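Lettering of chains follows the sequences in order, A, B, ..., and the numbering in each one begins at 1. Please read all numbers here as calculations on a predicted model, not as lab measurements.
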Amino acid sequence: MEIASLIDPLNDAQRKAVTAPLENVLVLAGAGSGKTRVLTHRIAWLLKSENYSPFNILAVTFTNKAANEMRGRLESLLGFSTQNLWVGTFHGIAHRLLRIHWQEANLSENFQIMDSDDQYRTIRRIVIAMGLDEKQWSPKKIQWFINHKKDGGLRPDQIKDNGDLHQRTLVRIYQQYEEICQRSGLVDFAELMLRAHELWQTRPDILLHYQERFKHILVDEFQDTNAIQYSWITAMSKKGCLMAVGDDDQSIYGWRGAEIENMKKLEKDFAPLKIIRLEQNYRSTGNILKGANTLIANNTDRLGKNLWTDDSEGELISLYAAFNEIDEARFIVDKIREAYRENISYKDCAILYRSNAQSRVLEEALIQAGIPYRIYGGLRFFERAEIKDALCYLRLVANRDDDSAFERVINMPTRGIGDQTLSTLRNTAKEQKISLWQSANLLIQNQQLSSRALNAVQQFCDLINTIQKETRNLSLSELTEHTLRVSRLLDHYQNEKGEKGQTRVENLQELISATKQFQDESGNPEISPLSSFLATAALEAGETQSEFSSDYVQLMTLHSAKGLEFPFVFLAGLEEGLFPHQLSMEDPQKLMEERRLCYVGMTRAMKKLTITYAETRRLYGNETYHRPSRFIRELPTEVLEEVRLRTQISRPVYNAQPKNTQNNNISRIPDSSHNESGLQLGQRVNHPTFGEGIVLNYEGQGASARVQVKFGSTGAKWLVAAYAKLEPAT
DNA sequence: AGAGCCATTGTTTTT
DNA sequence: CAATGGCTCT
C-alpha cells in the first residue's frame, strides 16, 4: 500500500495528527471530526512509514464495539490481519495481562470475572451475613461505594478513617467482600483494573517489559478515563509515546468515575505535549452545528474548541411543543412516516431520550403506526437469568471455589437444598474461611447434615464433578450442551409454561451456538477455551448487534447514542426535570454533564434535528407539568423553527420569553391551547355545517394540516384546518 | 415449590 | 404506573 494513499484523504489537522513526530500528542477531536479515522490511520502510519512492528503498539478503547471497529478498519486499511497488535478495552487488556501474570498478581490460575449482578448479589449476601439491615445498608449503595473506591485505587486499608461510623461499616463490608472474592477466585470489573495497576506497583520488572514493548500507546475517548485507568496508562507509557484522543465536551460518564480533568492533567504529566484540534465537522449541517456550539458554550471549564463545517446550513432545527407524551410520540411517528413516504429509510431515523422509561410510549405509537423499530439497551444476552444460570454451571466446572456461581445454581433447578442446608454451608464456610464448595465436601465427609440434605448436596457435587470428567475430551459447545442437559436446566425451562419458557429455551440454544461460534473463531492459547469463553461472556455481555439488512427506526438513550450518527434525529422529552434530570439540576457540575449529553445528542444528527417536549406528562402514574428544558432556551432562535398545528407556522419562539420561574406549571396549560388556536386534542369545537364535535386527531402542518373531528351528527370527519372554520365550543 | 400479595422504588451504562 | 423483591400461604 502506498503511504500517500494513507494520508491523502485527510484534512490538514488530521494529517498532522496521523504523521505527528514521535512524541506525546493530545488530539482534541470534536464530534464528527474523524476521530476513529485518525486513530486507525495513525496506527497504519506507524507500521508503514515508521516501520514499527504491530508488537509495539497498544490501542485502548472503552467499548468492545469501538475496539472491534478499530481492528476491522485497520485491517481493511492495511490489507492484512494484525494479530500481534493489542487492541482492546481497558478491561479487556487488563484481563489479558492478568491471565499472563496471574501468579504475580496473586490470583488463582482459573480466576473468573464477575459482572455487576454477581457483585450485587455477593454484597447483599455479605450484608445479610453480617446481620445488617438491608434497608439501611442498601447493597446498591455499598456496591457503588466499593467500586468508587476501587476506581480511585483504594483498598479497604487505604481508606482514611475519618471517625465516621457509617464509613467504618462500609469499609468492613468492603473488606469482607474482598476476602470472599479472593477465596472464590473472583474478580469484578473494577478489580481487573486495580490488579493491573497494582501489578505495575509491585513488579517494576514486569512493568518495564511492557514499557519497552509498547512504543506507541493510543487511547480513545480519553475524557472517559477514571483515576485508576489514568495512572495505569501513565505508568505504562513512560518509555513510549502516548496519543490520547478525546473530546471534553462529550464527557457524559462522570457519574461513574470518569474524570475530564485527566485531559488537562496530560499537559503536565506528559510534557512536552503536542495538542492538535480537529474542528472540522463532516457530519452535521450548519444549523445543527450552530445550535450545538451555542448550547455547549454555556459550559465553563472547557478546553475550548469550535466546530465548523463546509456543509450548507441545511434545514432549521424543528421544535415541537406537544400537549402530552402521547401527542409527542404521535408527532414523531407522523414525521417519520412522512419521511418514509419521501423515500427515507426507517434506519436513518433515530429517537433519542434521556431515560429508558420514555421509550414505552414511543414504542406504542410506532406499533400502532406499524413502523418497525428497534430499542437499544435493556437486558443483554449474557445477563438473562437462564443464561446466567447456565454460565454459573460452567463457572463451577472451571472453578469449584466460585461461591457466587455456587449460590446461584445449588438449587436451580430445585433439588431439595433449602435455606436450612444452605445456611449451614455458609456458616461452615465462614468459620473455616473456605469456599462453599469446600464446606459442602467437608460436611459430607463429616456427615454433619441430615441424611436428606446430605444426599442432595452429594448429588450436586457429583453432578459438577461428573460433568467435568465426562467432558474432558469434548469441545466447548459439547461441554455446554451436556451441562445444560445433565443439570436438568434445559428440562426445567422446557417445563415452564407460557411463552416465557419458550424464549428461555431458545436463548439456551442460542448459547450453545454462541459457544460453537466462539470455538471456531477464537483461539486464545493463553487459557482454556472454557475460561476464555466465560471471560468473553462477562466482558462482552453480548453487544446488541443490529442486523444491517433490516430497516428499523432506532430508539435509544442519549448515552448509548454516543459515537453513532443518523440522518434524522428526534430528541424527545426536553423538559426541565426530565432533561436535565431532576437529580442533576442542583449541582452545577452535574448540570454541565447534562448539557454535554444534550450536545452529544444534537451532534448525532446529520441532516435534520427535531426537538420535542411535552407540556404535561404522565410520570410514575401522575400527571406532571414541566417547563421546557433550559437547553431549548440556550439555542439561538435563528436556527429554530417551531412546528405547530396551525395554518401558519412560527411565532419565533424562545427568545425573550420571560419565564415565570416560580413553579407555576399550571399556568402553562392554557399556553398549549393557545398554541393550537382552539385545536387541541379532545377539545370541543363548532363547525358551521356539522355542528358540535370533538377533536380526535390531526396530521400534517402548515396549509395542509388536517384535523379529525368527531361530530355527533355525522361521525368522524377529516377537515383541512385552514378551511374548516372551526370554533372552540363550550 | 410455586402462586399470589404487599411494599418499595423508580437516571444515565460499560466493563 | 409497573417492575421488582420479599414474604406468606397453600
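Between A:Y210 and A:W200, the ring-plane angle classifies as tilted under the 30° and 60° cut-offs.
In summary, the side chains of A:Q119 and A:Q143 do present a donor paired with an acceptor at a separation below 3.5 Å, with no hydrogens or angles considered. Side-chain N/O atoms of A:N110 and A:S531 include no donor and acceptor closer than 3.5 Å.
Contact annotation for A:R596: no contact, since no heavy-atom pair falls under 4.0 Å across all strands. Contact annotation for A:G416: backbone-only contact, meaning every heavy-atom pair under 4.0 Å involves sugar-phosphate atoms and none involves a base.
Across the protein-nucleic acid pair, A:F189 atom CZ and B:dT15 atom P stand 8 Å apart, rounded to whole Å. Atom CG of A:N64 is separated from atom P of B:dT15 by 5 Å (rounded to the nearest Å). With rounding to whole Å, A:Q229 atom CD is found 15 Å from B:dT14 atom P. If you take CD1 of A:I146 and P of B:dT15, they are 22 Å apart, rounded to a whole angstrom.
A side-chain contact (heavy atoms from CB on, under 4.5 Å) with A:V60 is found for one member of A:I233, A:L218, A:D220, A:T89 and no other, namely A:I233.
By the 4.5 Å heavy-atom criterion applied to side chains, A:Y625 and A:E615 are not counted as neighbours. For the pair A:N226 and A:Y253, the minimum side-chain heavy-atom distance is 4.5 Å or more. A:F222 places none of its side-chain heavy atoms less than 4.5 Å from the side chain of A:V245. Between A:S629 and A:Y613, the closest side-chain pair of non-hydrogen atoms is not below 4.5 Å.
In 5' to 3' order, the nucleotides of DNA chain C bounding all contacts with chain A (an atom under 4.0 Å from a heavy atom) are C:dC1 to C:dG6.
The separation of C:dA3 from B:dT14, taken at their C1' atoms, amounts to 23 Å, rounded to a whole angstrom. On the P atoms, C:dG5 is 16 Å away from B:dT12, given to the nearest whole Å. A gap of 25 Å separates the C1' atoms of B:dT11 and C:dG6, to the nearest Å.
An anti orientation is assigned to B:dT12, its glycosidic angle lying beyond 90° of 0.
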- Task: Would you give a per-nucleotide map of nucleotides 7-13 of chain B, 5' to 3', where B means the base has a protein non-hydrogen atom under 4.0 Å away, S means only the sugar-phosphate does, and - means neither?
- Result: ---BBBB

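Applying the salt bridge (charged side-chain N to carboxylate O under 4.0 Å, His left out) rule to pairs touching residues 403-413 of chain A yields A:D117-A:R408, A:R125-A:E407, A:D389-A:R408, A:E407-A:R426, sequence neighbours excluded.
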